[in-house]
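To start, the structure itself, in structure tokens.
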Amino acid sequence: MADSPSSSPPETRPPGELAEATRDEAALTRFLRGLPGIDAVGLEQRAAALAGRAVKGEAKLRAIDRAVGMVDLTTLEGADNASKVRALAAKARTPDSRFPDVPRVAALCVYPDLVTEAVTALRGSGVGVASVATAFPSGRSTPRAKLAEVELAVESGADEVDMVIDRGAFLAGEYGRVFDEIEQVRAACGPAHLKVILETGELGGYDNVWRASWLALLAGADFVKTSTGKVSPAATLPVTHVLLRAVREWRDRTGQSRGVKPAGGIRTTKDAIRYLVAVREVAGPDWLTPELFRFGASGLLNDLLMQRETQLHGHYSGPDQVTVDL
Amino acid sequence: MSDDEARLSTRKRVTVPKTYKLYVGGSFARSESGRVVAVADADGAFRANAAKASRKDVRDAVAAARKAFDGWSGASAHNRGQVLFRVAEMLEGTRDRFTAEVAATEGLSATEAANAVDTAVDRMFWYAGWTDKLGVLRGGVDQVAGPYTVHSTPEPVGVVGVVAPRQSSLLGLVSVLAPVLVAGNCAVVLVDTELAVPAVSLCEALATSDVPGGVANVLTGDPAELVSRLASHSDVDALDPSGADESLRGELEETAAGSVKRVLDTPLVEPDWSTAPGTKRLRALTELKTVWHPIGE
Amino acid sequence: MTEPDPNPLEYAPALESATVAALRERYRPFIGGEFTDGSGAVFSSVNPATGETLAEITGSAESDVDRAVNAAEDAFRGHWGSISGTDRAKYLFRIARLLQERSRELGVLETLDTGKPVRQATEFDLPNAAAWFLHYAGWADKLDHAGFGPSPAPLGVTGQVVPSNFPLLLLAQRVAPALACGSTVVVKPSERTPLTALVFGEICEQAGLPSGTVNVLPGDSESGASLLAHRGVRHAVFTGSTEVGERVRRDLAGRGKRVTSELGGDGVNIVFADAAPEEAVRSVVEGAFFNQGRVRCAGSRLLVEESVAEEFVARLRDRMAELRVGDPMDRNTDVGALGSSAEVERLSELVERGVAEGATRWTVPATPPRHGDFMAPTLLTGVQQSMSVARREVFGPVLSVLTFRTAREAVTKADNTPYGLAAGVWSEKGSRALWTARELRTGVVWANTFHRFDPTAPFGGRGESGNGRVGGAAGLEAYLDV
């Protein structure tokens, strides 16, 4: 890592004491191991307590709209093809044709080979195109292949890259290797935003999630993201709390704002609002924007739309009132 | 045989008398007041002068007990057990002397006195075995609904003031003192001067069997005069009024209320000390501490 | 992409409906299985959050105390004293179920009467009250195995004086073990918060509990004193301040009664430099402000290691600023109303005194409703051991911050109080947390957590915090002649 400092854009270099942490692998390891601990039970209690905050009425309607605008509408299936991407792109532009005031979603998230299709379908819409990369979801490939994939995605027009970290290396304590890989991907992204998927369900505990979050931030991640959605458990409230704490502390120490994206398992409006409450309370109100918070989800959008209608009209909506986008 | 020779042969040996002192902080000392009380046999003959403790002696004894508390309560249960077993051994070894003293003090026959002493030795032995079993008696694992490990363990109350029984000199004293020491408490015991002889002998056994100084303090004197000092002393955590006269009980409880002192629920009339004691005193002389800790990955 | 919203995710009031509480105009004493008019003065119960009168209550006079104790004695000698442990267990179980079924009603009623946040009343007070009855239902037929020898006998009639901070929960904690042991009960709820206890009388009725087994006497402290002193009361249970507790004990001295007193505290949270900071902050805040700080085991003192004190206090302020102070009926409220305007006054004076003695005051920027008895959570930094705010039981939303340099110093400072109820210790190093737990002179230690309660876990104090234990087998002892 020490031999490639020039490959990273200067603005992602952390200042002061944090720069010291990235000086070499030993310093990085010392820094990560020296981070204060997280008490799992206390963390889960706070997450559960905040989940009890009630958001109702007018406030709920605004929260729903806010959540819609934060959705990274996602399709990551083996059966994905151009027609599926076109269908989702249409949904991303206009989530609910009956209500033109529903905001568009933040981005459409696809595999690299479908980026071109997504870019075409979303041109002029303001909806971003995100591509997973680095041998998603396992991350098990050679560094060259991973970097090539990132470059291809960006060349195809992806605005955002969702990479996965090498969990095997992380769990083996090879923090330097993980750091280098993220830093190289960061460089390969050029102007594209980098989201770093930690795959928290494979990291074995909150202390590791906490370390991995700091590792990703130190290496230049614009976003830290919980999960691929292919591993259970995917996003949970407590794990998202950990990521939110990390970006909050990052800003306290560096002045830089970085984002958080929980992904996988967030299906209902109730869930989404609980996440928004967590964002507000743990990171702060400044994070309640798509620049700094996203939902990685597919089914969530329709539930948000149904609940939105319920809030507006006072009666329950049904699944056929919203579109099934296949 | 001449008259002189006859006198010489029947004359009792002139004994060396013992001075009966207070036992405070591991040392035998006279009362700071210099007061003594003549102690008589059960049949009225003069036996000795016993020290008559003053209120200041009470204060010193409480200070000695507090000073000894950290060490004694911090010792391992195993270690406390060893010390108390040693006390039982010492009592066993001086059984005959105690029998004579108890017989003279209480006016018992030799057999009755021997029975009382044997029971006292056995009682000390029984209590000694409890030191490392209190956790079984009280407390344990609390099965709470939640991701926590919770355990409750008995801890000593602290400094315990005791009014020793009047109906039984050695057995009564052992029966109230031993349970105080088992859990790691320190004692300040008030003994009526009439019962001073076996009490001071017990102190000698304590002093020679590794009981750290200050753990047990024994003041001979007039308990009625001194007990209110114990009850009002805010560095005394509990009070065992076993030997206190019924007329004193109300006042003691009232005085003890001031510092929320524990007052043992003991009968107004002294029980038959030879019956098996049960675990009530051990429970009353310990406090549960419940410690929670989360269980998380 | 989108403009920042000027009002990001405000929590709209989520108001609970007061009608759920099924308030009545008048409540009466429950004696011998019937609600009958007391001969005492009529008084009213007031909602401390609004100042509104909730209901009128006929108070209890000496003659009512007499009637209630006689009814309890009759029940003890009669039906309740003669039924099997199994049957007692079933009655306790019935009460638990009824409490669960009516928990929303009782939770809202408790909120109206005490000013505590409704979410706390319905999610903490009520489920716990029911859990206490369930736990002790299980003991009623297993007393032989509770560690007190075979067939332990009940003491007889217990008189109980219950305070105003957790009216129904504390009643449950004391009534459940008494009934499990076969004792009968006369309970006197606080004059300020008698409503749930009186509805509890109705629950006893619905459970079919033999008449006289539980009697509820609303009234003032005088009725409480005459209840505890009544010759028919074999066991007096007092829960409240140390000051009053000492007086009660003096009054009862020499009457041959057993006295259990559960008194005040001056709880402490010890935070070592290696603590998990976020969880420690959260628990320190909860420890000090849960139930408006009106908890006898509240962590009203924070002892934080000097090397991290500044950073920790900054986090603490941030977290305190997020507390939502206001309408107790709003499910988003964290800190509700205090018990009375006198409480607000007492606490304001305590804080002012702290400031006069050299502490620095910081209060959360909340604007609680003007008409109720509210006080915004307050932090006092630079507090020294000698200041009155560090010596007294606070019993309100005031947190004092002190620092320490070594573990031994932390323990010495924590223990340097006549109280000894509860303490918290925060360290990621297991051996240090356990060492501190062992050294602390308290009845309860929460290591890396705070304010945890469970019917299986004994809870109670040392020293001037009282001599009782509630919870578990230890909680039976007070009610048994053992």
Side-chain angles (χ1 to χ4, degrees), chain A residues 32-52 165 167-168 170-173 198-215 224 226-227 231-246 262 264-265 278 282, chain B residues 66 69-81 130-158 182-185 234 237-238 259-260 262 279 282-297:
Chain A
L32 294 176
R33 295 210 175 126
L35 287 168
I38 286 181
D39 181 73
V41 174
L43 169 68
E44 287 168 10
Q45 265 167 17
R46 178 162 193 236
L50 283 178
I165 66 163
R167 284 86 76 189
F170 180 87
L171 291 170
L198 309 177
E199 196 66 298
T200 54
E202 289 185 344
L203 292 185
Y206 300 116
D207 283 324
N208 270 347
V209 173
W210 181 232
R211 286 194 190 110
S213 303
W214 278 93
L215 175 57
V224 280
T226 60
S227 328
V231 165
S232 182
T236 64
L237 270 173
V239 119
T240 306
H241 270 239
V242 176
L243 271 55
L244 288 166
R245 276 183 199 178
V282 179
Chain B
R66 177 58 64 195
F69 179 70
D70 279 353
W72 183 240
S73 62
S76 69
H78 172 80
N79 184 252
R80 281 201 306 276
W130 266 115
T131 56
D132 55 1
K133 295 160 196 77
L134 293 172
V136 181
L137 178 66
R138 302 192 78 191
V141 172
D142 307 314
Q143 295 170 276
V144 300
Y148 300 92
T149 175
V150 185
H151 57 271
S152 297
T153 42
E155 292 188 343
V157 177
V182 165
N185 298 294
S234 50
D237 301 288
S259 47
V260 199
R262 279 81 177 127
T279 58
L282 293 175
R283 284 187 270 114
L285 292 164
T286 50
E287 302 259 23
L288 273 189
K289 177 183 275 173
T290 301
V291 178
W292 293 64
H293 198 281
I295 303 172
E297 196 180 339

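Residue numbering restarts at 1 for every chain, and letters A, B, ... go by the order of the sequence lines. Fair warning: this is a prediction, and the values are worked out from it, not measured in the lab.
- Proximity to chain B is limited to the side chain of A:Asp39, based on heavy atoms less than 4.5 angstrom apart.
- Nearest heavy atom pair, residue A:Ala40 against residue B:Gly296, reads CB-CA, 3.8 Å.
- Shortest non-hydrogen contact noted between A:Val41 and B:Ile295 is CG2-O, 3.2 Å.
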